[in-house]
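I have placed the structure first, in the form of structure tokens, so that the comments after it can refer back to it.
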Amino acid sequence: MIDLHGRNINKLRISLTEVCNMACTYCVSSLKDHRRSPDELSAEEMLSLVRILKEHAGIEKVRLTGGEPLLYSKLTEVVSGIRKMGISSIGITTNGQLLSRKVKKLHEAGLKNVNLSLDSLNTENFKRMGRVGKLNKTLEGIESCLNLGLSVKVNMVVIKGENDNEILEMLEYGVSKGIEIRYLELMGMGLLHKKNENQQVTMDEILSQISTRFSIKPIRADYDSTSLRYEVPGGYFGIIPNKSAPFCSTCSRLRLTSNGNLIGCLSNPAPISIRHLLEHPDPEKSLQKIVKKSISYKQDVAFTGSSLVMSRVGG
Ligand code: SAM
């Protein structure tokens, strides 16, 4: 569906569950904050909503996230159900803790790409930032994906005084594995709403660190990509500069929460439930109205911060 600013809204990001097995310090205050929504959709209901969004709102690409999508017991069924609808671009965003034992089945079901969240390559930093979880589990997960030939990207949220001394090490790891590292500027969401300024590491700071060891050449990214891409000798990296160089003007995403709310914009969430469409004999008209309303909330300039918790909307 094309919005008022001419953006083709064709990507759907689904938070399958709000439950997570890590408790990253910039996302929640403790593991207990990741509570399952009491009205979490079943896999069948989720698939029905995806079908409706594909048929009547032009969704062509799906990313499954959370919470932690690998904790969703019917994840494989969801992936294969989406593939059977004719959607071939299916990705997940995961912390990778459970990936090594689950990825083979997911790959067979139709999973195409995996974005791994990895904020540190240092065991202690990893533990401090994620509170729960083990670095070696995530690294094993990455290896399993590479062995299967899946497309892998690593997302690192860069935070001052926490992991900004690991920017170069992370890039060296990426180059050695043939993986694109994407550095994320910290977003003022959830518990960081209006409080993230002094922890932010800007795009310029990231580039400046990298340029001390690598020659950097900007390269073209997809028109609706959230990341700016660069080539370095032997590999690539990206920066997702939500503050320094906002990408709202080309944002093509809609978000669906685990309880069936559609969200058009992270800055102005205004969730609208589409759950009732499951019972609707002819959902098209009603859905089109909701999607139009939802995407009318989309910012066209920059992310302005939000009290919404990232695990509810899936990042
Ligand atoms: N559990 C999965 C994972 O860790 O990838 C999926 C959910 S997590 C909310 C999705 C992404 O959002 C992660 O890459 C995480 O680092 C990122 N994220 C969470 N809070 C953020 C913030 N305040 N700023 C930037 N990225 C954030």
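When reading the values below, keep in mind they use all heavy atoms of this one structure, side chains included, and skip hydrogens, waters and symmetry mates. Counting starts at 1 for both ligands and their atoms, following the listed order.
The single protein non-hydrogen atom nearest to atom 9 (C) of ligand 1 is Met310 CG, 3.6 Å, given as residue, atom name and distance. Regarding atom 16 (O) of ligand 1, its nearest protein heavy-atom neighbour is Tyr26 OH, 2.9 Å. Protein heavy atom in closest approach to atom 10 (C) of ligand 1: Gly314 O, 3.8 Å. Nearest protein heavy-atom neighbour of atom 12 (O) of ligand 1: Gly315 CA, 3.7 Å. Nearest non-hydrogen protein atom to atom 17 (C) of ligand 1 is Val157 CG2, 4.3 Å. Protein heavy atom closest to atom 8 (S) of ligand 1, with residue, atom name and distance, is Gly66 O, 4.4 Å. Nearest protein heavy-atom contact of atom 13 (C) of ligand 1 is Ser117 OG, 3.2 Å.
Polar contact check, Glu185 against ligand 1: no nitrogen or oxygen pair lies under 3.5 Å apart. Distances between N or O atoms of Asn115 and those of ligand 1 include no value under 3.5 Å. Residue contacts with ligand 1: Met187 is placed with a nitrogen or oxygen under 3.5 Å of a nitrogen or oxygen of the ligand (distance criterion only).
Remark: the Ser120 side chain and the Asn122 side chain contain no N/O donor-acceptor pair separated by less than 3.5 Å. Between the side chains of Glu60 and Ser89, no donor-acceptor pair is found at a separation under 3.5 Å. Remark: the Glu185 side chain and the Ser244 side chain contain an N/O donor-acceptor pair separated by less than 3.5 Å. Side-chain atoms of Glu162 and Asn125 form no donor-acceptor pair, as typed in the model, at a separation below 3.5 Å.
Judged by the 6.0 Å and 45° rule, Arg229 forms a cation-pi pair with Tyr236.
Near Thr65, the atoms of ligand 1 lying under 4.0 angstrom from a non-hydrogen atom of the residue are 6 (C), 7 (C). Remark: ligand 1 atoms within the under-4.0 Å shell around heavy atoms of Leu184 are 26 (N). The atoms of ligand 1 that sit less than 4.0 Å from any heavy atom of Glu68 are 1 (N), 2 (C).
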Identify each donor-acceptor pair in which a side-chain atom of residues 277-293 lies under 3.5 Å from a protein atom, sequence neighbours left out, and give them as a table.
residue	atom	partner	partner atom	Å
His280	ND1	Asp282	N	3.1
His280	ND1	Asp282	O	3.1
Gln288	NE2	His56	O	2.8

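Both the backbone and the side chain of Asn95 come within 4.0 Å of ligand 1, counting heavy atoms alone.
Checking each of Asn21, Leu64, Leu106 against Leu70 for a side-chain contact (heavy atoms from CB on, under 4.5 Å) leaves exactly one that passes, namely Leu106.
Salt bridge present: Asp224 and Lys11 bring a charged side-chain N and a carboxylate O closer than 4.0 Å.
Taking the six-membered ring where the residue is Trp, Tyr230 and Phe237 present parallel rings, their angle staying beneath 30° rather than reaching 60°.
In this structure, CG in Leu184 is found 7.5 Å from OG1 in Thr226, a value given to the nearest 0.5 Å.
Residue contacts with ligand 1 include Gly67, since one of its heavy atoms falls under 4.0 Å from the ligand.
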